[in-house]
Undergrad: 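Before we start, here is the structure in question, set down as C-alpha cells.
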Amino acid sequence: MKKNYRVKKEKDFSAVFKNGENTANRKFVIYKLEKEQPHYRLGLSVSKKLGNAVKRNQIKRWIRHIVMAESDKLDPKVDFVVIARKGVENLTFAEFEKNLLHALKVAKMYQEGIMSEKEVKN
C-alpha cells in the first residue's frame, strides 16, 4: 500500500478519533472522517493483546490486502482507522474478510453492488 494511502501521523489519528464517526461489529471498530481528497487513507490499530508481533503483522497484512482488493468499492473521500478486536487472531482468512467487509458496510463506506475493473473485463 502506497504511503499516501496511509494514516501515519499521530495528529491524523487524533483528528479521525476526535472528529470522526465510529461504528463496530464484534471483530472490528471503524472510525471514519470525511475529507476532500482524491482517495481514501487507511490507519491500523492492532493491540498487543491479540498476539505476538508475527500475529499482529499478519492481521495488519490481511486488513491491507482486503482493503486494496476492494478499493474500487470504498468511499474515496474518507480517512479511516480500523481497530482489530479480540477474537480476530483466531479467524480464518475467509471469516476475517467477511467480518471486515461487514464492518465497512455498517460504516457506510463499502458498496457491494459496484463491479470491479477485473469483473467488468471478464
Side-chain angles (χ1 to χ4, degrees):
M1 180 171 279
K2 294 180 184 174
K3 281 192 178 193
N4 57 352
Y5 281 82
R6 290 187 250 168
V7 176
K8 292 292 278 182
K9 296 181 180 171
E10 199 268 327
K11 70 175 187 143
D12 294 335
F13 271 95
S14 296
V16 173
F17 290 136
K18 280 184 182 177
N19 305 321
E21 304 168 6
N22 66 337
T23 55
N25 65 9
R26 291 177 187 257
K27 303 296 181 191
F28 296 98
V29 179
I30 297 181
Y31 284 83
K32 73 173 186 172
L33 178 63
E34 306 263 339
K35 294 183 96 177
E36 285 300 318
Q37 56 195 15
H39 55 79
Y40 66 84
R41 293 192 317 156
L42 168 67
L44 300 173
S45 176
V46 180
S47 170
K48 286 185 177 183
K49 293 177 184 177
L50 297 181
N52 62 14
V54 174
K55 191 63 180 175
R56 293 193 312 270
N57 286 327
Q58 178 191 37
I59 292 168
K60 290 186 274 188
R61 278 195 313 271
W62 282 4
I63 293 171
R64 280 190 223 105
H65 176 77
I66 294 165
V67 168
M68 287 190 313
E70 303 293 335
S71 64
D72 53 333
K73 299 175 186 174
L74 289 173
D75 182 6
K77 298 190 183 297
V78 294
D79 280 358
F80 65 105
V81 177
V82 177
I83 301 173
R85 284 184 161 174
K86 190 81 173 137
V88 297
E89 70 276 11
N90 302 322
L91 298 176
T92 64
F93 181 77
E95 295 168 331
F96 189 94
E97 182 176 31
K98 182 180 174 186
N99 277 289
L100 181 56
L101 293 178
H102 175 262
L104 291 169
K105 284 180 209 168
V106 170
K108 297 183 176 127
M109 294 178 46
Y110 176 77
Q111 288 97 21
E112 196 170 19
I114 299 172
M115 292 179 69
S116 69
E117 291 177 27
K118 293 176 191 171
E119 293 169 337
V120 171
K121 289 179 184 176
N122 292 334

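All heavy atoms count here, side chains included; hydrogens, waters and symmetry mates do not.
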Undergrad: Looking at Ile83, Asn22, Thr23, which one forms a side-chain contact (heavy atoms from CB on, under 4.5 Å) with Ile30?
TA: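 When Ile83, Asn22, Thr23 are each tested with Ile30, the side-chain contact (heavy atoms from CB on, under 4.5 Å) holds only for Thr23.
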
Undergrad: With hydrophobic residues grouped by side-chain heavy-atom distances under 4.5 Å, do Leu74 and Val29 end up in a single group?
TA: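 Result: no, two separate clusters.
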
Undergrad: If the test is side-chain contact (heavy atoms from CB on, under 4.5 Å), which one of Lys60, His65, Gln58, Arg64 qualifies with Trp62?
TA: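 Of Lys60, His65, Gln58, Arg64, side-chain contact (heavy atoms from CB on, under 4.5 Å) with Trp62 is met by Gln58 alone.
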
Undergrad: Got more than 12 heavy atoms from elsewhere within 6.0 Å of NZ, Lys98?
TA: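 No.
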
Undergrad: Tell me the closest heavy-atom pair linking Pro38 and Pro76, and the distance in Å.
TA: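 Heavy atoms only, the tightest pair is O-CB, 4.1 Å.
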
Undergrad: Check for me, please, whether Val7 and Phe28 land in the same ILVMFWY cluster - side-chain distances under 4.5 Å, paths through other members count.
TA: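 No; Phe28 is not reachable from Val7 via cluster members.
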
Undergrad: Distance check, rounded to the nearest 0.5 Å: Phe17 atom CZ versus Ser45 atom OG?
TA: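 Reported to 0.5 Å precision, the distance equals 6.0 Å.
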
Undergrad: Which residues satisfy the salt bridge (charged side-chain N to carboxylate O under 4.0 Å, His left out) test with Glu36, sequence neighbours excluded?
TA: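 Salt bridge (charged side-chain N to carboxylate O under 4.0 Å, His left out) list for Glu36, sorted by chain: Lys77.
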
Undergrad: Quick check against the 3.5 Å criterion: does Glu89 have a side-chain atom that pairs as donor or acceptor with the backbone of Gly87?
TA: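 Side chain of Glu89 to backbone of Gly87: a pair is present.
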
Undergrad: Classify the angle between the aromatic ring planes of Phe93 and Phe96 as parallel (below 30°), tilted (30 to 60°) or perpendicular (above 60°).
TA: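 It falls in the parallel class, under 30°.
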
Undergrad: Run the salt bridge (charged side-chain N to carboxylate O under 4.0 Å, His left out) test against Arg56 and tell me which residues pass, sequence neighbours left out.
TA: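 Expected list: none.
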
Undergrad: So, does Lys32 use its side chain to make a donor-acceptor pair with the main chain of Met109 at under 3.5 Å?
TA: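 No; judged by distance alone, with no hydrogens or angles, the pair does not exist.
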
Undergrad: Mind checking the CG-NZ spacing from Asn90 to Lys55? Nearest 0.5 Å is all I need.
TA: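 Nearest 0.5 Å value for the CG-NZ distance: 7.0 Å.
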
Undergrad: With no hydrogens and no angle check, is any side-chain donor or acceptor of Lys49 less than 3.5 Å from a backbone partner on Lys86?
TA: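 Looks like no, no N/O pair under 3.5 Å.
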
Undergrad: Please tell me if the side chains of Asp75 and Glu34 come closer than 4.5 Å, counting only heavy atoms from C-beta onward.
TA: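 Yes, side chains in contact.
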
Undergrad: Following the transitive rule for hydrophobic clusters with a side-chain heavy-atom cut-off under 4.5 Å over Ile, Leu, Val, Met, Phe, Trp and Tyr, establish whether Phe13 and Leu33 coincide in one cluster.
TA: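 Yes, it is one cluster - the side chains of Phe13 and Leu33 are joined through contacts under 4.5 Å.
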
Undergrad: Quick check on side-chain contact (heavy atoms from CB on, under 4.5 Å): which of Val67, Val78, Asp79, Val81 does Leu42 satisfy it with?
TA: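 It is Val67, the one option of Val67, Val78, Asp79, Val81 that forms the side-chain contact (heavy atoms from CB on, under 4.5 Å) with Leu42.
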
Undergrad: Only one of Leu104, Val106, Asn99, Leu100 passes side-chain contact (heavy atoms from CB on, under 4.5 Å) with Asn25; say which it is.
TA: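 Result: among Leu104, Val106, Asn99, Leu100, Asn99 is the only option passing the side-chain contact (heavy atoms from CB on, under 4.5 Å) with Asn25.
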
Undergrad: Test of understanding: clusters of I, L, V, M, F, W, Y form through side-chain heavy atoms closer than 4.5 Å, transitively. Do Tyr110 and Ile63 belong to the same one?
TA: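 They do share one cluster, since a chain of ILVMFWY contacts under 4.5 Å joins Tyr110 to Ile63.
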
Undergrad: With sequence neighbours excluded, give me every salt bridge (charged side-chain N to carboxylate O under 4.0 Å, His left out) pair touching residues 7-28.
TA: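 Sorted result for residues 7-28: Asp12-Arg41.
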
